[in-house]
Amino acid sequence: MAEFAYQFLLTLDATFRLATPLILCAMAGIFSERSGIIDISLEGKMLMGAFVAAAVASMSGSPWLGVLAAMFASVILAVVHGFACITHKGNQVVSGLAINILASGLTVTIGIALFRQGGQTPPLGGTERFRPIEWWLVDTLDSVPLLGSIYRELISGHNILVYIALILVPLSAFLLYKTRFGLRLRAVGEVPKAVDCAGISVSFLRYRAVILAGLLCGIAGAYLSIGQGAGFVKEMSAGKGYIALAAVIFGKWRPVPALYACLLFGFLEAMSARLQGVDLPLIGEAPTQLMLALPYIMVVLLLAGFIGKASPPAAIGQPYSK
Amino acid sequence: MVSEKNMDGRDGAHSFALRLDGISKSFGAVHANRDISLDVKAGTIHGIVGENGAGKSTLMNIIFGLQTPDHGTISVFDSLKTIRTSADAISLGIGMVHQHFMLVPNMSVLDNVMLGSEGGSLLAEGREQTLERLQSLSKNYGMGVDPHALIEDLPVGIRQRVEIIKAIKGGARLLILDEPTGVLTPGEAAQLFNILRSLRDDGVTVLLITHKLEEIMSITDYVSVMRDGEMVAHRETTQTNPEELARLMVGRDVLLSVEKGPADPKEVKLSASSINCRSAVGNTLLKNVSFDLRAGEILGVAGVAGNGQTELLEILSGMRAATSGSFTILDQIVNGDSALSPSAMRELGIAHIPEDRHEHGLVLSFEAQENAILGYHHDDRFKRGLFLNQEGILDRCKTLMRDHDVRPPNPNLNASNFSGGNQQKIVIGREVDRDPEILLVGQPTRGVDVGAIEFIHKQLIRLRDEGCAILLVSVELEEILSLSDRIMVMNEGEIVGIVDQAAASQEKIGMMMAGIETEAAA
């Protein structure tokens with residue numbers, strides 16, 4: 001029983017690590033989509049962030065410079081998305097898709113040009129990436145049964161970006177519901193004309209929203225390559241941007257419910273890793289491929305059946321013209 | 001031009017709230033506004049009348065900074081101003097209540113009122129002040145509103161109050177209202193007018209845009225008339241009358257009433273018995289709706305938009321299934337289990353002129369000839385084996401255009417390039433082609449010019465006299481009163497009562513539209 005509890009604890013621990021990029025991207029998606037701009041380019045922005053973070057960290061030796069550079073690169077893509085969708089009233093799905101394809105190709109191309117390692121960045125050493133932070137009193141509390149393990153595995157021992165992601169959720173909710181910016185952002189995604197008539201620029205508001213999304217996706221990307229991983233690998237975002245988008249919808253475009261959705265998807269992914277090769281009653285050994293596909297299958301099932309009526313921001317996807 | 005002598009400048013500090021000089025605005029080849037000049041005296045209620053498409057809304061959007069004029073100058077409170085954005089207009093003391101409300105439905109009244117003037121980067125700071133302001137405005141002008149209610153839960157009349165509060169909360173001195181009574185019951189409209197009068201008495205200048213002449217006569221001090229993008233006349237309201245204004249609006253004499261003989265109702269063609277309908281989220285849309293429709297009569301359905309008329313038309317035409325209840329059409333019983341598709345309904349002899357011709361009546365990007373057979377493409381005249389019979393379709397369209405005076409008579413023109421009236425004539429021509437036994441008509445003259453309205457009304461009377469059973473849904477009470485033989489009034493999905501036209505009056509129907517029983521009103 002104690003062994004099972006410990007295994008479960010480790011799975012929960014992995015849940016937080018796996019959910020972190022989802023949480024960051026989901027908050028990004030909420031800001032963008034609440035302003036009325038569909039953001040399927042979460043994936044591409046995160047991938048670009050991952051590459052730039054690893055490249056800059058590898059060249060400068062500083063993970064913090066890596067995160068900043070990743071945020072900058074991701075914001076550039078976000079502004080491109082904004083320019084296409086807000087200024088030129090282009091199709092938001094097409095623009096997002098274009099950014100995803102661009103990021104997928106560009107990261108590998110630049111990677112090969114810079115490092116000549118088949119599109120990867122050189123493996124990052126200890127100081128070039130974010131290390132897990134051992135919290136105060138971990139060793140002292142170790143002797144306490146259960147709570148000690150929970151403290152050591154679940155609460156302590158993550159890298160700084162995990163904690164940042166978790167703090168960003170209440171911050172996002174605060175920004176969205178308690179500030180002037182948030183009120184206007186929510187309004188512009190519902191009835192942009194009302195915002196315009198109140199004397200507020202619809203374009204400027206939406207640009208700020210997509211830039212905010214860019215910043216958050218940049219952190220998510222940096223987490224993949226210099227937090228969770230130790231270097232950039234081609235296509236390392238692996239659909240996480242889309243899963244984050246699913247979490248946004250699952251959470252009905254609200255930060256805290258979206259956090260729960262991200263944790264659920266993170267948990268499924270952690271389970272699938274833990275169940276590989278394990279003998280299950282009735283089924284026998286769990287097939288690896290099925291286990292790896294499990295989170296994705298669950299996303300489809302959940303979105304198809306369990307969320308009820310999702311009511312997206314009323315003006316989402318519609319370019320604003322007077 | 002209004003005479004300068006009786007100008008008393010109740011505003012005190014200013015003589016004119018607004019002066020426009022030589023305003024022009026074109027969209028492509030269309031001149032929406034041409035050389036418009038207008039003087040609005042401070043502290044008065046000034047009406048602007050004109051038909052749909054006369055350019056009133058464009059002019060108001062220019063004043064409020066939503067559109068910039070190609071030429072011309074604007075003075076606000078006696079000084080020349082450039083208004084590029086609505087923020088400019090707001091800072092000059094101009095407030096606007098739009099025809100389509102600029103409210104966020106899933107936010108509270110308070111949030112909507114605060115939007116744009118939050119009073120600080122955190123909402124908590126401005127909330128108290130806005131609440132106080134809301135309370136004082138509610139008290140001064142009799143506009144009680146629950147600040148924490150969600151907009152989507154409020155009736156239309158209250159939503160409009162929220163719009164007015166939004167417009168004047170910052171101390172606007174010039175309030176523009178664009179067609180404010182279109183969605184109101186007569187009772188709500190009367191309340192609105194009381195609010196406007198007390199605003200004027202406090203020195204606020206009101207600019208009222210409407211196409212309803214009785215409103216102009218009852219509330220305004222001055223009136224200006226627009227036609228085809230031009231300002232054609234300015235009058236003091238006491239010095240004019242509805243007939244003169246109608247003539248100025250249309251440019252010729254118009255018959256304000258419809259000529260028709262007495263009805264000769266025959267057998268029952270359609271009989272509805274306790275039709276109920278609920279929305280996907282469970283709201284009641286129709287409740288126990290029962291009525292008979294006879295051959296050779298027009299049954300008018302009166303009601304404020306959104307009280308179940310749309311759903312009733314959708315159910316009778318096969319576009320939506322009733323939750324319970326049934327109706328009998330020419331001896332065929334239709335209920336939840338045997339709901340019929342629109343095309344099956346059409347086969348039975350029902351024709352439907354939908355309320356929203358752009359959404360349900362036409363494919364705007366298709367040519368007129370394709371639209372002329374839409375839904376009737378299985379007809380032998382229009383097919384040749386598996387393919388369409390192009391000549392047959394073209395013939396049909398040409399005939400339709402001749403019989404129904406569609407202009408321009410060009411079958412290859414896209415539906416979107418016809419005016420509202422001519423689009424409606426295409427729809428009507430198509431639907432009445434096979435001499436339907438029952439005709440369902442929704443908003444036949446919405447967005448249609450006066451000339452076409454006369455034509456459409458005559459068509460409906462002619463069909464009635466030929467023995468067609470007509471169900472007419474319209475939010476224009478005058479249209480209902482002048483065309484119908486019997487009037488059925490709906491409120492919140494229920495039939496309030498059915499009255500004979502002879503016994504109906506504007507007041508009585510108005511009371512019923514507000515949900516007040518007939519006996520009380522009679």
Side-chain angles (χ1 to χ4, degrees), chain A residues 30-31 33-36 86 170-209 212 249 251-255 257 307-316 318-322, chain B residues 27 58 60-62 64-68 83-92 94-108 110-127 130 151-152 159 162-163 166-167 169-170 172 176 178 279-282:
Chain A
I30 286 173
F31 283 118
E33 301 220 339
R34 273 290 178 116
S35 84
I86 303 167
L171 275 182
S172 300
F174 181 80
L175 191 60
L176 209 49
Y177 296 113
K178 301 286 179 195
T179 68
R180 176 173 62 193
F181 174 71
L183 177 70
R184 293 176 172 190
L185 189 78
R186 284 181 288 133
V188 82
E190 297 286 339
V191 189
K193 189 134 199 192
V195 172
D196 192 13
C197 288
I200 306 160
S201 164
V202 171
S203 298
F204 182 46
L205 201 49
R206 287 187 166 170
Y207 263 110
R208 280 183 286 170
L212 205 50
I249 298 167
K252 299 187 174 169
W253 290 268
R254 289 171 301 174
I307 65 171
K309 187 174 161 286
S311 48
I316 194 164
Q318 299 162 8
Y320 178 69
S321 46
K322 285 179 181 178
Chain B
F27 299 101
T58 304
M60 294 312 117
N61 284 340
I62 288 173
F64 196 61
L66 293 173
Q67 263 147 6
T68 36
I83 303 174
R84 293 201 180 285
T85 63
S86 37
D88 293 346
I90 292 166
S91 70
L92 291 173
I94 303 175
M96 181 153 176
V97 175
H98 297 263
Q99 184 176 2
H100 304 287
F101 297 156
M102 296 299 158
L103 297 171
V104 183
N106 56 7
M107 285 192 191
S108 70
L110 186 60
D111 281 350
N112 270 285
V113 171
M114 284 178 79
L115 186 67
S117 56
E118 295 84 351
S121 57
L122 295 184
L123 293 180
E125 299 167 25
R127 224 172 213 136
T130 314
I151 296 291
E152 60 196 1
R159 289 187 201 191
V162 178
E163 277 282 34
K166 260 176 74 177
K169 61 156 191 277
I176 305 170
D178 191 0
S279 70
V281 290

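A note on names: the letters A, B, ... follow the listed sequences, proteins ahead of strands, and every chain is numbered from 1.
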Margin query: Using a 4.5 angstrom heavy-atom cutoff, name the option from A:Thr179, A:Val195, A:Ile200 with the most pairs to chain B.
Written below: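 If we count pairs closer than 4.5 Å to chain B, A:Thr179 comes out on top.
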
Checklist line | Greatest number of heavy atom pairs closer than 4.5 Å to chain B - which of A:Gly199, A:Cys197, A:Ala198 | finding: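 Option with the top pair count is A:Cys197.
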
Using heavy-atom distances under 4.5 Å, tell me whether [X] contacts chain B through its side chain, its backbone, both, or neither.
{"X": "A:Tyr177", "answer": "backbone"}
{"X": "A:Leu183", "answer": "both"}
{"X": "A:Lys178", "answer": "backbone"}

Between [options], who has the most heavy-atom pairs with chain A when the cutoff is under 4.5 Å?
{"options": "B:Ala89, B:Pro105, B:Gly116, B:Gly65", "result": "B:Gly116"}
{"options": "B:Leu115, B:Ile90, B:Asn61", "result": "B:Leu115"}
{"options": "B:His100, B:Glu118, B:Lys166", "result": "B:Glu118"}

Check: Looking at A:Val202 and A:Pro192, what are the two nearest heavy atoms and their distance?
Finding: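 Closest approach of A:Val202 to A:Pro192, heavy atoms only: CG2-O, 3.5 Å.
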
Next item on the list: Please report the closest heavy-atom contact between B:Phe64 and B:Ile83, naming both atoms and the distance.
Entry: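 That closest heavy-atom pairing would be C-CG2, 4.2 Å.
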
Notebook entry, point to check: Hey, does the side chain of A:Glu33 reach the backbone of A:Pro313 with a donor-acceptor pair shorter than 3.5 angstrom?
Noted result: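 Not a single qualifying donor-acceptor pair exists.
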
Notebook entry, point to check: Is there a donor-acceptor pair closer than 3.5 Å between any side-chain N or O of A:Arg34 and the backbone N or O of A:Arg254?
Noted result: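 Here the side-chain-to-backbone pair does not exist.
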
Margin query: Would you say that A:Pro312 contacts A:Trp253 through its side chain, given a criterion of any heavy-atom pair below 4.5 Å between the two side chains?
Written below: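 In contact.
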
